[in-house]
Amino acid sequence: MEKITPNIIFNISNDISDEIIKDEALRIMKACFQCGTCTGSCPSGRRTAIRTRQIMRKAVLSLDEVLSDEDIWLCSTCYTCYERCPRNIPVTDVIIKLRNLATQRGFIKPAHQKVTQVLADTGHGVPLGITKNSEENQWSKARESYGLSKIPPTTHSHPEAVLEIQKLMQLTNFDKLVKLEFKSINEGKK
Amino acid sequence: MTESNPKTISKSKSPKEEDVRIGLYICNCGINIGGVLEMDDMIEFGKTLPNVTLCKKYKFYCSDNGQAEIAKDIKDGLINRVVVAACSPRMHEPTFRRVLKSNGLNPFYFAQANIREHATWVNMYDHEGAQRIAKDHIRMQVAKVRKLKALETIKVKVKPSTLIIGAGIAGMNSALDLADQGFKVYLIEREPTIGGHMAQLDKTFPTMDCSSCILTPKMVDVSRNPNIHIMAYSEVEKVDGYIGNFEVKIKHKAHYIDQLKCTACGACVDSCPVICANDFDLNMGPRKAIYIPFPQAVPGQYTIDIDHCIKCGNCASPSICEPGAIIYDEEDHYSTLKVGTIIVSTGFDQIDPTNLKNYGYGKYENVINGLEMERNLSSTGPNLGKPVCPSNGKPPHSVAWLQCVGSRDNREGYHPYCSRVCCMYAIKQARQYKEKHPEAECYIFYMDIRAFGKGYEEFYESSSHDFGIKYMRGRLAEIYENPDKTLLLRGEDTFLSQPIAINVDLVVLSTGVEARTDATNVATMLGIQQTSDGFFMEAHPKLRPLDSLTAGIFMAGVAQGPKDIPDTVSQAKGAASGAAILMAKGEVEVDPYYAVVYPNLCSGCRSCINLCPYSAITFDESHKVAYINPIMCHGCGTCVASCPSNAIEQNHFSGDQLMTIITDVLGGLY
Amino acid sequence: MSEKSVDKPNNFEPFILAIFCNWCTYTGADQAGTSRMQRPANLRIMRVMCSGRVESRFIIEALKRGADGVLIGACHIGDCHYVNGNHKTVRRLPLIKEFVKQFGFNPKRVRLEHISASEGAELTEISKEFVKELKSLGKNPRSSNK
């Protein structure tokens with residue numbers, strides 16, 4: 001028989017909500033009256049487990065699970081709830097703030113960690129798929145047909161700029177926050 | 001009146017200041033003031049002020065004991081001026097003036113320093129700041145009271161007649177109460193019939209009595225009462241004057257039918273070829289261009305809707321209208337009235353949900369609003385009491401009500417307040433529909449059900465228990481129309497934390513109430529205020545909820561704020577009582593803050609004459625000086641500020657008094 | 001002509017003489033109090049029946065004696081309890097500002113605001129903003145000598 005664990009809220013605090021309302025524009029979050037317009041409007045919620053209203057409730061009561069659960073990462077930031085909220089709560093902004101808090105407290109999903117690693121390595125969250133044989137790159141042909149350079153003038157054509165990005169990440173402690181490894185910098189040191 | 005004949009008075013010097021003995025009383029107001037200020041320091045400060053003979057503190061100076069303390073000091077001859085540092089003078093100035101008066105001191109030897117609303121309540125955490133402001137406010141009023149002069153209040157006669165603007169259930173009740181006490185009542189209504197919104201309702205919650213069965217007898221009573229003069233299809237154009245003596249200009253819109261000749265036989269209606277939308281039925285049904293709004297309308301005479309009339313002449317032919325009442329070229333005409341008091345009962349508009357695009361009102365045929373459902377349910381309505389879907393004319397198998405549409409919504413264009421009637425009318429409509437179609441499904445989507453009145457909670461309970469109405473907790477997110485014109489509702493059942501998507505045949509948006517779109521015009525015309533939600537503002541939200549800030553003008557019904565019929569009727573009776581008190585007394589005392597011309601200083605430049613909005617200033621040709629009629633002067637002081645010779649003074653707000661305030665309070669800065 | 005540049009310590013508490021009309025702004029200030037809207041402790045409120053009563057000498061005298069700012073509170077245009085007293089104040093204001101300039105004060109020290117009886121929140125915002133502005137203008141030169 002499966003063990004029954006008690007599902008009782010033992011701890012209500014202002015820990016998370018105080019952190020959120022440091023941004024004055026989000027203070028109105030405390031006035032949420034749980035009408036459910038946000039959940040009902042949520043296109044993600046029809047497919048996934050995200051219950052926006054519950055996220056708001058957990059945030060107001062500062063339940064730790066709001067940061068550790070994956071719900072806040074299921075929002076597609078379409079801003080429909082933001083637009084429809086009768087209390088004028090910037091719901092999407094609250095969710096983004098919660099994501100920041102979650103990351104700060106070490107709740108980050110491996111996939112997101114990987115994206116930031118790609119950003120650190122290439123300077124792009126979604127880098128161009130550059131193969132050795134440039135003939136195979138459909139996108140570069142398209143660029144050329146419009147009279148543009150083969151490779152766009154980003155870090156793809158200026159790999160040295162990646163170092164600057166990594167420097168910024170170090171200065172802002174972003175690298176420690178999401179546990180990045182800087183290959184190129186380390187290589188450069190060698 | 002001490003200065004009733006200003007021509008004989010020269011600019012008198014202020015009383016010798018050594019004779020002034022001021023009693024300064026600092027009120028703790030419980031903890032409202034005492035909890036923020038250092039009271040001992042305040043007392044020490046007060047004693048240092050010039051002419052302050054005694055300075056005391058007490059818990060509540062407005063209480064009997066507090067008043068008695070002031071009274072004793074006056075009677076003992078210790079003081080001859082009083083300053084109370086407490087709440088706003090708008091609250092208790094009259095209270096303390098009475099204390100002075102009943103103890104033989106002129107009531108105008110009083111000043112009140114506002115250290116609660118303007119100091120401790122706005123600096124609850126900055127105690128030092130509150131202390132600083134409170135001291136300065138006391139300094140200002142002590143300075144003022146030193147310079148104050150004895151004044152006599154003006155007594156104004158109150159005409160025993162009332163103007164009631166708006167003849168809904170509120171206006172009618174006030175009218176009947178006043179008329180039965182023997183006062184003349186002029187009841188103005190802009191529609192062709194009295195009755196207001198209540199006439200459009202089918203039944204009333206929670207007793208389910210038929211609205212017109214209780215309303216129409218009242219309408220008949222109003223029309224038969226010899227003291228009530230109904231002015232239907234009329235609007236107030238202009239209001240002049242002041243308490244007791246308002247002068248009102250009224251526009252009587254043209255009926256295009258001689259109201260005295262019309263016998264209300266109705267023969268003209270059959271002859272009229274024009275069919276247009278019936279605004280009484282919210283444009284859901286037809287009517288002719290010549291019409292009465294509904295069969296029991298009062299007055300019962302007909303009106304021509306001139307915007308739709310094609311002037312074919314059918315109705316005017318002698319074989320149709322035997323009395324010859326039709327006048328196609330009738331014009332609006334005007335009349336003036338003199339009344340002593342005014343009651344404003346202009347009612348409300350329904351919130352327009354068209355801009356809430358996610359609900360599709362105005363786009364989807366089967367999304368209707370609350371008042372439309374009311375006409376849909378009404379046996380006098382376009383469907384004769386058999387509610388149908390507008391798309392196919394068939395009774396719906398399932399109906400959903402959406403609560404809080406346009407109210408409890410902070411977004412631009414909607415209202416943060418609760419409209420107070422929508423929960424109950426939705427429950428009532430759902431129950432009415434269930435009574436007619438027990439097999440139908442009725443859903444009410446709500447955030448909170450506010451069943452606050454007598455018998456309301458029981459009504460709510462019975463609606464689910466006895467009638468099986470399903471309450472769904474959650475504000476709907478969006479509505480889509482299916483190809484068959486049924487509607488798909490999306491939202492969340494917040495109890496289950498489950499998104500829901502259900503199909504219904506008809507959706508009723510429980511739209512709330514809002515202030516009339518032209519409420520601002522009415523407020524401006526009458527000189528009364530509006531609160532931020534647009535409803536008329538009461539003089540005090542708790543203690544004077546029916547008085548406006550302008551003396552002699554009262555308000556009743558939804559014009560003052562959302563409320564249901566029982567509350568509206570109670571208010572109407574209260575407003576009638578407020579007006580009756582003034583008229584029964586026959587006269588009121590008005591603050592003598594009128595302006596006075598000192599003829600020996602007046603150079604006769606006449607620049608004040610054009611500035612006076614009340615034409616109270618005339619030019620005395622024989623002496624070549626201006627003269628201000630103290631009864632006509634309202635005491636704004638505009639002429640005083642503009643006089644190049646300083647020849648005009650306003651009682652109680654003289655240049656000397658105001659300048660002393662400024663110099664004394666700033667003297668402390670050096 | 002304007003104020004000589006004096007050192008502008010931002011840490012002083014500006015003295016604001018507020019002249020409010022009885023029907024709108026004074027009532028609005030009462031409403032701000034009743035709703036416990038917190039504002040900086042700088043307004044010394046003097047009540048007149050109508051903003052039309054405000055004379056230029058009140059303002060000059062206040063500034064001469066060291067007030068850092070003068071705030072005149074009137075009804076909104078069209079809402080005046082005395083039909084149009086506030087129109088006259090509005091018309092008088094440019095003249096008053098001219099006087100203020102001629103006396104050597106920065107005319108920004110004088111403000112006319114239309115605040116209705118229900119706008120306690122607006123009053124709170126305006127006073128916060130005015131205090132901020134006065135702090136940036138610095139002390140009234142007449143009082144800074146001391």
Side-chain angles (χ1 to χ4, degrees), chain B residues 87-91 114 116-126 128-133 136-137 139-140 144 520 523-524 527-533 537 541 549-550 591 593 611 613-614 634-642 650 652-653 655 658-659 661-663 665-667 669-670, chain C residues 13 15 17-19 21-24 26-27 29-59 61-62 64-67 75 78-85 88-89 92 116-119 121 124 127 140 143 146:
Chain B
C87 50
S88 170
R90 300 184 54 85
M91 180 99 175
N114 186 342
R116 191 179 73 173
E117 280 87 343
H118 294 182
T120 58
W121 274 356
V122 289
N123 293 293
M124 295 173 80
Y125 313 109
D126 177 9
E128 212 177 289
Q131 190 95 357
R132 186 169 67 227
I133 298 294
D136 279 351
H137 279 174
R139 207 194 294 272
M140 289 161 90
K144 181 173 185 182
T520 309
T524 308
I528 61 176
Q529 268 75 27
Q530 291 169 282
T531 40
S532 51
D533 50 23
M537 185 163 146
L549 283 168
T550 302
D591 284 339
Y593 298 158
L611 285 174
Y614 305 106
H634 288 220
C636 63
T638 306
C639 56
V640 187
S642 72
Q650 185 186 2
H652 217 65
F653 292 90
L658 296 177
M659 282 295 264
I661 293 180
I662 295 169
T663 52
V665 70
L666 281 154
L669 267 196
Y670 285 111
Chain C
E13 284 297 339
F15 184 106
L17 176 72
I19 309 178
C21 87
N22 180 55
W23 302 98
C24 286
Y26 195 88
T27 316
D30 279 0
Q31 192 246 332
T34 319
S35 320
R36 312 291 198 277
M37 294 168 182
Q38 303 299 303
R39 66 164 178 259
N42 302 78
L43 295 191
R44 277 74 170 174
I45 300 171
M46 176 167 107
R47 179 164 68 133
V48 289
M49 294 311 279
C50 176
S51 61
R53 176 71 187 86
V54 176
E55 292 181 40
S56 46
R57 60 178 175 140
F58 296 167
I59 290 148
E61 192 64 27
K64 269 166 65 186
R65 286 179 177 264
C75 302
D79 288 356
C80 180
H81 186 80
Y82 301 103
V83 186
N84 52 16
K88 285 144 196 168
T89 322
R92 209 174 282 151
S116 82
S118 59
E119 293 181 338
T124 309
S127 42
N140 180 336
S143 70
K146 209 201 156 189

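All values derive from a computational prediction rather than experimental measurement. So you know, we letter chains A, B, ... as the sequences are listed, proteins then strands, and number each from 1.
Proximity to chain C involves both the backbone and the side chain of B/Leu658, based on heavy atoms less than 4.5 angstrom apart. Residue contact with chain B, scored on non-hydrogen atoms closer than 4.5 Å, involves the backbone of C/Val54 exclusively. For C/Thr27, the parts lying near chain B are the backbone and the side chain together; criterion is any non-hydrogen pair under 4.5 Å. Using a 4.5 Å cut-off between heavy atoms, B/Glu128 makes no contact with chain C at all. The part of C/Met37 that comes within reach of chain B is its backbone (N, CA, C, O), which places non-hydrogen atoms under 4.5 angstrom from that chain. At a 4.5 Å heavy-atom cutoff, the contact between C/Arg47 and chain B is made by backbone and side-chain atoms alike.
The candidate from B/Ala130, B/Ala523, B/Pro613, B/Ala119 with the greatest count of non-hydrogen atom pairs under 4.5 Å with chain C is B/Pro613. Taking C/Gln38, C/Glu55, C/Glu61, C/Met49 one by one and counting their heavy-atom pairs under 4.5 Å with chain B, the maximum is reached by C/Gln38. Of the residues considered (C/Ile45, C/Asp79, C/Leu17), C/Ile45 shows the highest number of contacts with chain B, using heavy-atom pairs under 4.5 Å. Between chain C and the options B/Ser532, B/Pro541, B/Gly527, the largest number of non-hydrogen pairs under 4.5 Å is found for B/Ser532. Listed options C/Glu13, C/Arg39, C/Gln31 were ranked by heavy-atom pairs under 4.5 angstrom with chain B; first place goes to C/Arg39. Ranked by heavy-atom pairs under 4.5 Å with chain C, the first of B/Cys639, B/Ser642, B/Gly635, B/Gly129 is B/Gly635. Interface summary for chain B: among C/Ile19, C/Thr34, C/Asn84, the most heavy-atom pairs under 4.5 angstrom belong to C/Thr34. Between chain B and the options C/Ala121, C/Gly85, C/Ala62, the largest number of non-hydrogen pairs under 4.5 Å is found for C/Ala62. Top candidate by heavy-atom pairs under 4.5 Å with chain B, chosen from C/Ala29, C/Ser116, C/Ser56, is C/Ala29. No other option in B/His634, B/His137, B/Arg116 has as many heavy-atom pairs under 4.5 Å with chain C as B/His137. Contact count against chain C (heavy-atom pairs under 4.5 Å) is highest for B/Arg90 among B/Met140, B/Arg90, B/Met537.
For B/Thr638 against C/Arg92, the heavy-atom pair with the smallest separation is O-NH2, 3.6 Å. In this structure, B/Pro89 and C/Tyr26 approach most closely via the heavy-atom pair CD-OH, 3.2 Å. Of all non-hydrogen atoms in B/Cys636 and C/Arg53, the two that sit nearest each other are O-CB, 3.6 Å. The heavy-atom pair separating B/Ile133 from C/Leu43 by the smallest distance is CD1-O, 3.5 Å. The shortest non-hydrogen separation linking B/Tyr614 to C/Tyr82 is OH-CA, 3.0 Å. Considering every non-hydrogen atom in both B/Leu666 and C/Gly66, the closest pair reads CD2-C, 4.0 Å.
Of the possible polar contacts, one joining the C/Lys88 side chain to the B/Leu611 backbone as a donor-acceptor pair under 3.5 Å is found. In this structure, the side chain of B/Arg132 engages the main chain of C/Ala41 through a donor-acceptor pair within 3.5 Å.
Between C/Cys24 atom SG and B/Gln529 atom CD the span is 4.5 Å, to the nearest 0.5 Å. Here the CZ-CG distance, from C/Arg36 to B/Asn123, works out to 12.5 Å after rounding to the nearest 0.5 Å. Distance CG/C/Asn22 to CZ/B/Phe653: 6.5 Å, rounded to 0.5 Å.
At least one side-chain heavy atom of C/Met46 sits less than 4.5 Å from a side-chain heavy atom of B/Ile662.
Screening B/Leu549, B/Ile528, B/Thr550 for a side chain to side chain contact (heavy atoms under 4.5 Å, CB included) involving C/His81 leaves a single residue, B/Thr550.
Looking at residues two or more places apart in sequence or on another chain, you find a side chain to side chain contact (heavy atoms under 4.5 Å, CB included) between B/Asp136 and B/Arg139, B/Val665, C/Phe15, C/Arg44.
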